[in-house]
A.B. asks: 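Once you've had a glance at the structure underneath, I'll fire off some questions.
Per chain, numbering begins at 1; letters A, B, ... match sequence-line order.
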Amino acid sequence: MEFEPQDQLVQRQKNLQRIAELGFEPYPHKFDWKQTPAQIVAQFGEHSAETLKQSEVKVSVAGRILTIRLHGKAGFAHIQGEGQRLQIYVKLDAVGPRIFELFQLLDMGDIIGVSGHLFRTKTNELTVWVEKLTLLTKALLPLPEKWHGLADVEMRYRRRYLDLISNERVREIFLRRAQVVRHMRAFFDARNYLEVETPMMHPILGGATARPFVTRHNTFDADFYMRIAPELYLKRLVVGGLDRVYEINRNFRNEGIDAIHLPEFTMLEFYQAYSDYRDVMKLTEELFSGIAKAVCGGTKVKYGDHEIDFGRFEALSMREAIVKYWPTAAGKAPTIEELATPEGPRAVAERYNAYARSKGLEEGFDAIADLNESSAGDLTGALFEEIAEEHLTQPTFIYDFPADISPLSKRRADDPTLAERFELFIEGMELANGFSELNDPADQERRFRAQVEAGGLEMPKEIDWDYIRALAHGMPPTAGEGVGVDRLIMLLTDSHAIREVILFPTLRPQKDSETDAAPAPREEHP
RNA sequence: AGGGGCGUAGCUCAGUGGUAGAGCAGCGGCCUUUUAAGCCGUUGGUCGUGGGUUCGAUCCCCACCGCCCCUACCA
């Protein structure tokens, strides 16, 4: 083994050898624990010194040593288990010379089991009076600095195990993440949705617009795409009579990485027959406010220097949002009527571009590109993103999306240029995207053809005929939604980067020469 | 991809154009109620890599590598 710090590793190996020489099993198989540190603190944390003395509470508890304070013929240590620290007191008189020598050979990071009884020290800290001590696992490498913990951002992600040991907040984020997902499942299960799993490897790209990862299957001698969305498979299930389905799983998109994007991220996606997008919006409010109450104790949640209220959802049409957030300095604000005319979005975009260029890029304004090659719908979407999106801090539904940027959505009956589609924005982030599902196979075929013709790395290269066939068999009026689980968890844990809420976020692979481990002879695994 | 910032001991960080420092961790002592234990002593660094300027570079310049932030891309 060659790891930094090598001198400390060697020293700890010596300690381990000495422990073995004393006749202790270096890596025992089992320790008969009765409580976790967290249980002990929860149960006896309030008991007075007197009460503990009278009741003589016996405990048997295991954990990782985080601190050691030796005092000659006695010593204190803290062990940690289930995220809770518990102090132990080891005294020569109480454990005898052999175990006391073992205790002196322990290092921070070692995993031990102790049994004894509880008492309070002079400073009134709940402490285990150790009668027996067992080494359960030797830690051959030291923990990060005990006061500051692990701060190097890259190493926190690459060695998340150390991050979890030494940064309490990290542990809490992932406990809460599990609560959120558990609550989601309970929410849909209670409403009679069926949880399903659909393929992660797709022969045809579909369900979203994004550049995919491509992988190869040897036996089929064929390429597959890592899925960018489960949508088309979930709707096939609705055709098959599974009227309410949901899936919580990973999507993969081969695109940029920043504070709110990672190549693999978790999506909740659900579909319900005999519903439209209004039903799904309502359900989304229930879901989000319910989760906030369940995991944060209320609908108002602190995020950075302000508060998000999951109990109140605004709703604006996309055109209304553009009008509302039009910069006053940009001159005459567009009207909803103007944006609704066929040439309106182009005229508005030209006006906006003139303003953006006058302000200059250094002030963060950007012009909307490709005015001539874009449809009115493209431009409306671009105007919305440029002007309104960043302002949507509190939960806000944006609805009435242009149909031509919504290839899987049903058109509005009274205006076929608009789709029955919405997105939910919070903190300027897209949290969810839902719509009444397009179930007219002829229209779906036209829209698929348009996508294939448009081309580009993020577009399917061929039409998913089986999906159209499924629609031709008849999909009931259906609505569905995708929810960015990681982003929701960011909001509920006051985290401001998506990597903070993903245990092992995608990082650039390390070359051997950059790690501190000598890659030694590689073992071939059969 | 463009702009900015950072890279110094295992960890957290100072610092200087004259080849480096603290705290923690480690090692050797003392210490039977401490808790960032304390006290005494002590090991450890090609200052990210490679060039250049200079009598001399960790410091200044250039390139490269990595990370972070912003912008762009990305529904």
A.B. asks: Work out how far the C1' atom of B/rC13 is from that of B/rA75, and round it to whole angstrom.
C.D. replies: 43 Å
A.B. asks: Taking atom P in both B/rA25 and B/rG38, compute the distance separating them and give it to the nearest angstrom.
C.D. replies: 8 Å
A.B. asks: Any side-chain N or O of A/Arg12 under 4.0 Å from OP1/OP2 of B/rG26?
C.D. replies: no
A.B. asks: Taking B/rG7 as the reference, what is the distance to B/rU58 when you measure between their P atoms (whole Å, please)?
C.D. replies: 15 Å
A.B. asks: Looking at residues 66-91 of chain A, who's got a heavy atom less than 4.0 Å off RNA chain B?
C.D. replies: A/Arg69, A/Leu70, A/His71, A/Gly72, A/Lys73, A/Ala74, A/Phe76, A/His78, A/Gln87, A/Tyr89, A/Lys91
A.B. asks: Round to the nearest Å and state the distance from A/Arg120 atom CZ to B/rU34 atom P.
C.D. replies: 16 Å
A.B. asks: What contact category does A/Arg211 fall into here, base, sugar-phosphate, or nothing, at under 4.0 angstrom with non-hydrogen atoms?
C.D. replies: nothing
A.B. asks: Could you please name the option among B/rG10, B/rG26, B/rU33 that lies closest to any side-chain atom of A/Asp107?
C.D. replies: B/rG26
A.B. asks: Does the side chain of A/Gln11 get closer than 4.0 angstrom to OP1 or OP2 of B/rC27 through an N or O atom?
C.D. replies: yes
A.B. asks: Search all heavy atoms of A/Tyr325 against all heavy atoms of A/Leu392 and return the closest pair with its distance.
C.D. replies: CE1-CD2, 3.8 Å
A.B. asks: If you look at every heavy atom in A/Met267 and A/Arg253, which pair is closest and at what distance?
C.D. replies: CE-NH2, 4.1 Å
A.B. asks: Quickly work out the A/Leu140 CG to B/rG10 C1' distance and round it to whole Å.
C.D. replies: 15 Å
A.B. asks: Classify the nucleic acid contact of A/Phe119 as base, sugar-phosphate or nothing, counting any heavy atom under 4.0 Å across all strands shown.
C.D. replies: base
A.B. asks: Quantified in whole Å, what is the P atom distance between nucleotide B/rG56 and nucleotide B/rG51?
C.D. replies: 15 Å
A.B. asks: Report the distance from atom CG of A/Asn254 to atom P of B/rA75, rounded to the nearest whole Å.
C.D. replies: 13 Å
A.B. asks: For the pair made of CG in A/Asn124 and C1' in B/rU34, what is the distance, rounded to whole Å?
C.D. replies: 14 Å
A.B. asks: Pick base, sugar-phosphate or nothing for A/Glu458, based on heavy-atom distances below 4.0 Å to the nucleic acid.
C.D. replies: nothing
A.B. asks: Between A/Glu430 and A/Tyr157, which has a closest nucleotide on RNA chain B that is more 5'?
C.D. replies: A/Tyr157
A.B. asks: So which nucleotide does B/rC27 pair with, by the Watson-Crick or G-U wobble rule with both distances under 3.5 Å?
C.D. replies: B/rG41
A.B. asks: Using atom C1' of each nucleotide, how far apart are B/rC64 and B/rA22 to the nearest Å?
C.D. replies: 32 Å
A.B. asks: How would you list, by chain and number, every residue that makes a salt bridge (Lys or Arg N to Asp or Glu O under 4.0 Å) with A/Glu458, sequence neighbours excluded?
C.D. replies: none
A.B. asks: Just checking A/Gln8: base, sugar-phosphate only, or nothing, at a heavy-atom cut-off of under 4.0 Å?
C.D. replies: base
A.B. asks: Decide whether A/Arg447 and A/Ser409 meet the rule of one side-chain donor and one side-chain acceptor closer than 3.5 Å.
C.D. replies: no
A.B. asks: When the distance from CG of A/Asp7 to P of B/rU42 is rounded to whole Å, what number comes out?
C.D. replies: 18 Å
A.B. asks: Tell which nucleotide pairs with B/rC55, taking only Watson-Crick or G-U wobble pairs whose two distances are both under 3.5 angstrom.
C.D. replies: B/rG18
A.B. asks: Check the distance between B/rA72's P and A/Glu389's CD and give it to me in whole angstrom.
C.D. replies: 11 Å
A.B. asks: For atom C1', what is the distance between B/rG23 and B/rG3, given to the nearest Å?
C.D. replies: 36 Å
A.B. asks: Under the salt bridge (Lys or Arg N to Asp or Glu O under 4.0 Å) test, which residues partner A/Glu21, sequence neighbours left out?
C.D. replies: A/Arg18
A.B. asks: Just to be sure I understand the rule, does A/Arg156 reach a base, reach only the sugar-phosphate, or reach nothing, if contact means heavy atoms closer than 4.0 Å?
C.D. replies: nothing
A.B. asks: Does any part of the side chain of A/Leu438, heavy atoms only, come nearer than 4.5 Å to the side chain of A/Asp443, both counted from C-beta?
C.D. replies: yes
A.B. asks: So which one's nearest nucleotide on RNA chain B is more toward 5', A/Asp93 or A/His261?
C.D. replies: A/Asp93
A.B. asks: How long is the line joining CD of A/Glu386 and C1' of B/rC73, in whole Å?
C.D. replies: 13 Å
A.B. asks: Rounded off to whole Å, could you give me the CD-to-P distance for the A/Glu154 and B/rC65 pair?
C.D. replies: 15 Å
A.B. asks: What nucleotide, of B/rC69, B/rG66, B/rA25, holds the atom closest to the side chain of A/Arg499?
C.D. replies: B/rC69
A.B. asks: List in chain and number order the residues that pass ring-ring contact (aromatic ring centres under 6.0 Å, His included) with A/Phe265, two or more places apart in sequence or in another chain; answer none if no residue qualifies.
C.D. replies: none
A.B. asks: Given the C1' atoms of B/rA9 and B/rC68, what is the spacing between them in whole Å?
C.D. replies: 23 Å
A.B. asks: Just distance, no hydrogens or angles: give the donor-acceptor pairs under 3.5 Å from side chains in residues 64-81 of chain A, sequence neighbours left out.
C.D. replies:
unit_1, atom_1, unit_2, atom_2, d
A/Arg64, NH1, A/Gly109, O, 2.8
A/Thr67, OG1, A/Arg69, NH1, 3.1
A/Thr67, OG1, A/His78, N, 3.3
A/Thr67, OG1, A/His78, ND1, 3.1
A/Arg69, NH2, A/Gln87, OE1, 2.8
A/His78, NE2, A/Glu125, OE2, 2.8

A.B. asks: Are A/Leu118 and A/His47 side-chain neighbours, meaning at least one heavy-atom pair lies under 4.5 Å?
C.D. replies: no
A.B. asks: Side chains of A/Val95 and A/Lys132, heavy atoms from C-beta outward: is any pair under 4.5 Å?
C.D. replies: no
A.B. asks: Taking atom C1' in both B/rC6 and B/rC59, compute the distance separating them and give it to the nearest angstrom.
C.D. replies: 15 Å
A.B. asks: Is the positively charged end of A/Arg278 above the ring of A/Tyr399, judged by distance under 6.0 angstrom from the centroid and angle within 45° of the axis?
C.D. replies: yes
A.B. asks: With both distances under 3.5 Å as the test, what is the Watson-Crick or G-U wobble partner of B/rU32?
C.D. replies: none
A.B. asks: Is B/rA63 paired to anything, Watson-Crick or G-U wobble with both distances less than 3.5 Å, and if yes, which nucleotide?
C.D. replies: B/rU49
A.B. asks: Verify ring pair (Phe, Tyr, Trp, His ring centres under 6.0 Å) between A/Phe384 and A/Phe425, making sure each step is shown before the conclusion.
C.D. replies: CA-CA 12 Å; A/Phe384 165 74; A/Phe425 290 87; 5.3 Å; yes
A.B. asks: Identify the pairs formed between an N or O of the protein and an N or O of nucleotides 12-15 of chain B at a distance under 3.5 Å, and give each distance.
C.D. replies:
unit_1, atom_1, unit_2, atom_2, d
B/rU12, OP1, A/Ala151, N, 3.0
B/rU12, OP1, A/Asp152, N, 2.8

A.B. asks: Once you apply the 3.5 Å cut-off to both distances, tell me the Watson-Crick or G-U wobble partner of B/rA75, or none.
C.D. replies: none
